[in-house]
Amino acid sequence: MIDIETQRLILRLVPLEGLEATALQDMDAARRIIGNVPDCWFDESWVSELRVNQWRADPTYAPWSIRAITLKATGEIAGNMNCHAQPMLFEYNGERGPAVEMGYTVFEPWRRQGLAHEAVTAMMAWAALHGVRWVILSISPGNEASLALARKLGAHQIGSQIDERDGPEDIYLTAIG
């Protein structure tokens, strides 16, 4: 469960105890365990609760769980990312192979600096080393920044859904490699 590093970033796996503290919105404990997470880290603490439950149910999920997007130069936490589950068997156009669904958030003021692209491509490269063939992204139709990133990654829309929490989402797929 080593860190994933890029030129500017460290994608640091959040330990189970850090996810638990985040889910409970225990800011002091989370900061002791994870580092100096900004207040907005806790805005979607429900995701941490989901990942805690996944990790507890199956410890092999751990390396796919939430990672802090950390700036190497300053140690600041600029966002987070995770895979919604371990690699799963996926079929597309008659081909079969492992796929993961990734989600990410880059906090203000670090948006529009290419950090999401750098983080996602690093996570994709790491996933490829673990046999993953495709990445799935669920994106709100109005999220122009994420849609632009999907295009940059060569993703194409394969469907749509209504998420009970997030509302309408378009589903994009991109091949790794």
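In terms of modelled atom types and a separation under 3.5 Å, the side chain of Asp58 and the main chain of Thr60 share a donor-acceptor contact.
Counting non-hydrogen atoms of neighbouring residues, nucleotides and ligands closer than 6.0 angstrom, the NZ atom of Lys72 exceeds 12 such neighbours.
The residues Arg56 and Glu20 are annotated as salt-bridged, a charged nitrogen and a carboxylate oxygen being separated by less than 4.0 angstrom.
Between Tyr92 and His156, the two ring planes are tilted [angle within 30° to 60°].
Note: Glu76 CD to Trp110 CH2 = 5.0 Å, rounded to the nearest 0.5 Å. How far CG of Leu13 is from CG of Asn82: 10.5 Å, rounded to the nearest 0.5 Å. With values rounded to the nearest 0.5 angstrom, Ile2 atom CD1 is found 8.0 Å from Ile4 atom CD1.
Partners of Glu144 under the salt bridge (Lys or Arg N to Asp or Glu O under 4.0 Å) rule, at least two apart in sequence or in another chain, do not exist in this structure.
Residues Ser138 and Glu101 bring a donor and an acceptor atom of their side chains to less than 3.5 Å of each other.
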His117 and Leu153: CA distance, side-chain angles, deciding distance, side-chain contact (heavy atoms from CB on, under 4.5 Å) verdict: CA-CA 8 Å; His117 181 263; Leu153 295 171; 4.0 Å; yes
Steps toward side-chain contact (heavy atoms from CB on, under 4.5 Å) verdict (Leu11, Asp3): CA-CA 6 Å; Leu11 306 179; Asp3 295 339; over 6 Å; no
Stepwise side-chain contact (heavy atoms from CB on, under 4.5 Å) test for His84 and Ile136: CA-CA 10 Å; His84 296 195; Ile136 299 166; over 6 Å; no
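In the hydrophobic clustering of this structure, Met81 groups with Ile34; members are Ile, Leu, Val, Met, Phe, Trp, Tyr whose side-chain heavy atoms approach within less than 4.5 Å, directly or through other members.
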Taking distance alone, no hydrogens or angles, what donor-acceptor pairs closer than 3.5 Å link side-chain atoms of residues 37-49 to residues at least two apart or in another chain?
unit_1: Asp39; atom_1: OD1; unit_2: Arg31; atom_2: NH2; d: 2.5
unit_1: Trp41; atom_1: NE1; unit_2: Thr22; atom_2: OG1; d: 3.0
unit_1: Ser45; atom_1: OG; unit_2: Gln25; atom_2: NE2; d: 2.8

